[in-house]
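Reading through the structure tokens given below for one structure.
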There are 2 protein chains.
Amino acid sequence: MSEKPEMPEDPKPRRRQARGERRITQLLQAAANVFCANGYTAASTNAIAREAHVSPGTLYQYFPNKEAIAVELGGRLMHEMREAHGQAFTPENLALPLPELLDAVVDPLIAFNCANPVFLALMHGSETPGRIAEEHDALHASLIERVRVLIAHYLPDSPPADCVRVADMAFAVFKGGLHLVLAAPEGPERDATIAELKQVLLRYLDPVIGEGALMAGATAARAVAAADAGLTTSRNP
Amino acid sequence: MSEKPEMPEDPKPRRRQARGERRITQLLQAAANVFCANGYTAASTNAIAREAHVSPGTLYQYFPNKEAIAVELGGRLMHEMREAHGQAFTPENLALPLPELLDAVVDPLIAFNCANPVFLALMHGSETPGRIAEEHDALHASLIERVRVLIAHYLPDSPPADCVRVADMAFAVFKGGLHLVLAAPEGPERDATIAELKQVLLRYLDPVIGEGALMAGATAARAVAAADAGLTTSRNP
DNA sequence: GACAAACACGAGTGATCGCTCGCGTTTCCT
DNA sequence: AGGAAACGCGAGCGATCACTCGTGTTTGTC
């Protein structure tokens, strides 16, 4: 056999020292800055190394190529995001009235994207390598799925296609508003933008999920809900 | 005087033949395809020339550099869009009830972006050269301004900051939904997505501009409008 | 037909990018 | 202490890119 005597677990079971781990996070931080400033394609590996105050050779000791940097960075961000957001869809939150439910779901997502603007920069560009786009699509799909389940929970007798469309639209609206939030300067202006985004989602979803809106500020909301539960996703006349 | 005998109108009053004009549109069409497929930075001038079935030298006879291609393409798209959209904000449309007003404003924008997907690809990327970003910002600002004027028309006693925020949010929501519309396959699914996007905007803006919503499908909409015209942009409690 | 100018070509140029390689330094283990 | 391996360096390699240039072809004008 031509196999190595060691286990064939991973092709790169490289032994790292503490210094190396520090360098990796340092390089990923630098890469985040450069990706955020110039986008993926325009970001050069030499620029990343310079930003991290190391030589190009050092960079390539920890990453086999440029794509691997983005993949590792994207992977860590995904993991962080799943953690920060995983507790948003717990059953107890799912029983909350709509405004509180929106807070519980939207606030962690906004906070994460404010703290890691590179996430949107990496995921949004069509220039990103295919590997990342796949992971992002998976994360995106899992988020959409959770929203869809939540919608379906309030609309058990609605055709699945309608639930999917509502979930997709709610998420797309959120993403559009998220860009506005990130563009606003930190402080009261950003807070007001966040409140306005929640207002959009509230007014869109309130008639849809109906009975969860008892605490809504608009006193007439219940009238809308009571009027007709059949026009939920509104087939055009 | 060291001036040329001809008028100093433009530094490049190059005399073009019909063949040249055809080549220019042909090259811009090819550039649109390549930009749309790969983004601006990843699109090579050689690839554009190849797509147009001409040599790189021919390309550079009509455009001084790569950026000029994008600028000219962007400029033509801008012009086309201003024309297609200019008739959406005429005073007669401004007097329409909200659903029809929404149709009048949203439909041309969606149709344009469906017909010219390169527009979003060029304008949206942060990789685009500064020249285009400026023009896009100008167009963006003029659209927002029109929306703001429209909002302010319905809320004459509201602080200007609130009108701006509502206009910004409405436009951001539209952009988010637009991506969803473009991602949907042409046909009934896309139409349903468009209808859903209008539903979002309708439900968001209906309580804001109030009295214009008489023809809304929700019969209780007037109750919301009558309830209180002061919570329009909703200061959070 | 003859001349000039616009058009078309494609190999080639300099710059930049992703990435490598050889060699010196630091850290860990015994 | 001493050896092995991880760490760190930066000049430099091949590839690719935006762009040029010398040359040949087509078009408009007289």
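Per chain, numbering begins at 1; letters A, B, ... match sequence-line order.
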Separation of D/dA18 P from B/Asn38 CG (nearest whole Å):
11 Å

Base, sugar-phosphate, or nothing for B/Gly57, non-hydrogen atoms under 4.0 angstrom?
base

Mind calculating the distance between CD (A/Gln61) and P (C/dC21) to the nearest angstrom?
14 Å

Contact class for A/Asn65 (heavy atom, under 4.0 Å): base, sugar-phosphate, or nothing?
sugar-phosphate

For DNA chain C, whose closest nucleotide is more 5', that of A/Glu67 or that of A/Ala18?
A/Glu67

N/O (side chain, B/Arg15) to phosphate O (OP1/OP2, D/dG28) under 4.0 Å
no

Once you round it to whole Å, what is the distance between P of C/dA15 and CG of A/Asn46?
17 Å

Counting heavy atoms from C-beta on, name the nucleotide in C/dC17, D/dT27, D/dG8 closest to the side chain of A/Ser44.
C/dC17

Taking the side chain of A/Pro56 as heavy atoms from C-beta outward, which of C/dG18, D/dC7, D/dG10 is closest to it?
D/dG10

Per atom distances to the B/Gln17 side chain, the nearest of D/dG8, C/dA6, D/dC19 is C/dA6

Any side-chain N or O of A/Thr58 under 4.0 Å from OP1/OP2 of D/dC7?
no

Nearest heavy-atom contact between B/Ala70 and B/Ile132 is O-CD1, 3.0 Å

Over how many whole Å does the gap from A/Lys66 atom NZ to D/dT16 atom P extend?
15 Å

Taking only side-chain nitrogens and oxygens of A/Tyr60, does any of them come within less than 4.0 Å of OP1 or OP2 of C/dT20?
no

Test log, rule salt bridge (Lys or Arg N to Asp or Glu O under 4.0 Å), inputs A/Asp168 and A/Arg148:
CA-CA 8 Å; A/Asp168 281 351; A/Arg148 191 197 61 77; over 6 Å; no

Heavy atoms under 4.0 Å, any strand shown: does A/Ala43 hit a base, just sugar-phosphate, or nothing?
sugar-phosphate

Output yes when at least one side-chain N/O atom of A/Arg23 is less than 4.0 Å from OP1 or OP2 of D/dG8, else no.
yes

Closest heavy-atom pair and its distance - A/Leu197, A/Leu178:
CD2-N, 4.1 Å

side-chain N/O B/Tyr62 vs C/dA8 OP1/OP2, d < 4.0 Å
yes

Between B/Ser55 and A/Thr41, whichever has its closest DNA chain C nucleotide further toward 5' is B/Ser55

Under 4.0 Å: is that the gap between some side-chain N or O of B/Thr45 and OP1 or OP2 of D/dC19?
no

Taking the six-membered ring for Trp, are A/Phe171 and A/Phe174 parallel (under 30°), tilted (30 to 60°) or perpendicular (over 60°)?
tilted

Check the distance between D/dG8's P and A/His53's NE2 and give it to me in whole angstrom.
14 Å

For the CZ atom on B/Arg16, are there more than 12 heavy atoms of other groups (residues, nucleotides or ligands in this structure) within a distance under 6.0 Å?
yes

Considering every strand and a 4.0 Å limit on heavy-atom distances, what is the contact class for B/Phe63: base, sugar-phosphate, or nothing?
nothing

Has the side chain of A/Lys66 got a donor or acceptor atom that lies under 3.5 Å from a matching backbone atom of A/Thr41?
yes

Figure out the CG/C1' separation between A/Leu59 and D/dC7, and round it to whole Å.
14 Å

